[in-house]
**Student:** 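The structure follows.
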Amino acid sequence: MIANLAPSTSGPLPVIEQGPLMRPGASTSNTHTEKSTKWAVNTFNNWRHFKAAEGEKVPELREASTEELNFWLAQFVRECKHKDGRVYNHRNLNATMFGLGQNIKK
């Protein structure tokens with residue numbers, strides 16, 4: 001319901017019903033975060049496959065121990081690049097690591 005918010009001299013202010021996006025504490029999924037997380041995981045998995053072709057076995061994110069994650073994520077940050085060979089800037093790397101962390105928490 002959209003309320004008429006014009007000044008009124010006769011009576012109290014109108015009641016505005018809250019929709020799902022206005023309701024405090026409403027649970028909504030952030031599609032941008034989901035998309036970023038999926039992109040980060042795909043980027044990591046592409047790198048894993050590249051490493052496998054070189055003979056190195058990188059464990060899957062959810063199957064790795066804390067020590068393995070520390071080692072392989074550090075390697076990933078040092079080695080991951082755009083498809084054309086350019087190095088990711090710090091904002092891309094930060095977003096990628098955030099997305100990987102979101103995936104691991106699931």
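As the structure is a prediction and not an experimental result, all values here were calculated from the model. Hydrogens, waters and symmetry mates are skipped; everything else that's a heavy atom, side chains included, is used.
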**Student:** Donor-acceptor pairs under 3.5 angstrom involving side-chain atoms of residues 67-74: please list them, not counting sequence neighbours.
**Tutor:**
| from | atom 1 | to | atom 2 | distance (Å) |
| --- | --- | --- | --- | --- |
| Glu68 | OE1 | Ser65 | N | 2.8 |
| Glu68 | OE1 | Ser65 | OG | 3.4 |
| Asn70 | ND2 | Thr66 | O | 3.4 |

**Student:** Could I get the full list of ring pair (Phe, Tyr, Trp, His ring centres under 6.0 Å) partners for His82, not counting sequence neighbours?
**Tutor:**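 Here the qualifying residues are Tyr88.
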
**Student:** List in chain and number order the residues that pass side chain to side chain contact (heavy atoms under 4.5 Å, CB included) with Glu54, two or more places apart in sequence or in another chain; answer none if no residue qualifies.
**Tutor:**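 For Glu54 the side chain to side chain contact (heavy atoms under 4.5 Å, CB included) partners, ignoring immediate neighbours, are Phe50, Lys51, Glu56.
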
**Student:** Please give me the minimum heavy-atom distance between Glu60 and Arg48, naming the atom from each residue.
**Tutor:**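 That would be CG-NH2, 3.4 Å.
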
**Student:** Within the 3.5 Å criterion, strictly below it, is a donor on Asn45 or Asn42 matched to an acceptor on the partner's side chain?
**Tutor:**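 Asn42 and Asn45 do not have a side-chain donor-acceptor pair below 3.5 Å.
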
**Student:** Assess whether atom CZ of Arg62 is packed by more than 12 heavy atoms of other residues, nucleotides or ligands within 6.0 Å.
**Tutor:**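 Counting neighbours around CZ of Arg62, more than 12 heavy atoms of other residues, nucleotides or ligands fall under 6.0 Å, so yes.
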
**Student:** First locate atom CZ of Arg86, then atom CG of Asn92, and finally report the distance between them rounded to the nearest 0.5 Å.
**Tutor:**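 Separation between the atoms: 8.5 Å.
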
**Student:** Output the distance between atom NZ (Lys83) and atom OG1 (Thr43), rounded to the nearest 0.5 Å.
**Tutor:**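 If I round to the nearest 0.5 Å, the distance is 8.5 Å.
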
**Student:** When rounded to the nearest 0.5 angstrom, what distance separates CG in Leu61 from CD1 in Ile104?
**Tutor:**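 One finds 5.0 Å between CG of Leu61 and CD1 of Ile104.
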
**Student:** State, to 0.1 Å, how close Leu100 and Ala40 come at their nearest heavy-atom pair, and which atoms those are.
**Tutor:**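 Distance-wise, the nearest heavy atoms are CD2-O, 3.5 Å.
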
**Student:** Test Phe44 against Thr96 for side-chain contact (heavy atoms from CB on, under 4.5 Å), laying out the working first.
**Tutor:** CA-CA 9 Å; Phe44 182 79; Thr96 302; over 6 Å; no

**Student:** Between Trp47 and Glu79, what is the shortest heavy-atom contact and its length?
**Tutor:**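 In this case the closest contact between Trp47 and Glu79 is NE1-OE1, 3.1 Å.
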
**Student:** Check the pair Lys105 / Gln102 against side-chain contact (heavy atoms from CB on, under 4.5 Å), numbers first and verdict last.
**Tutor:** CA-CA 5 Å; Lys105 285 183 199 178; Gln102 291 288 67; 3.9 Å; yes

**Student:** Please walk me through it: do Cys80 and Val87 pass side-chain contact (heavy atoms from CB on, under 4.5 Å)?
**Tutor:** CA-CA 7 Å; Cys80 74; Val87 177; over 6 Å; no

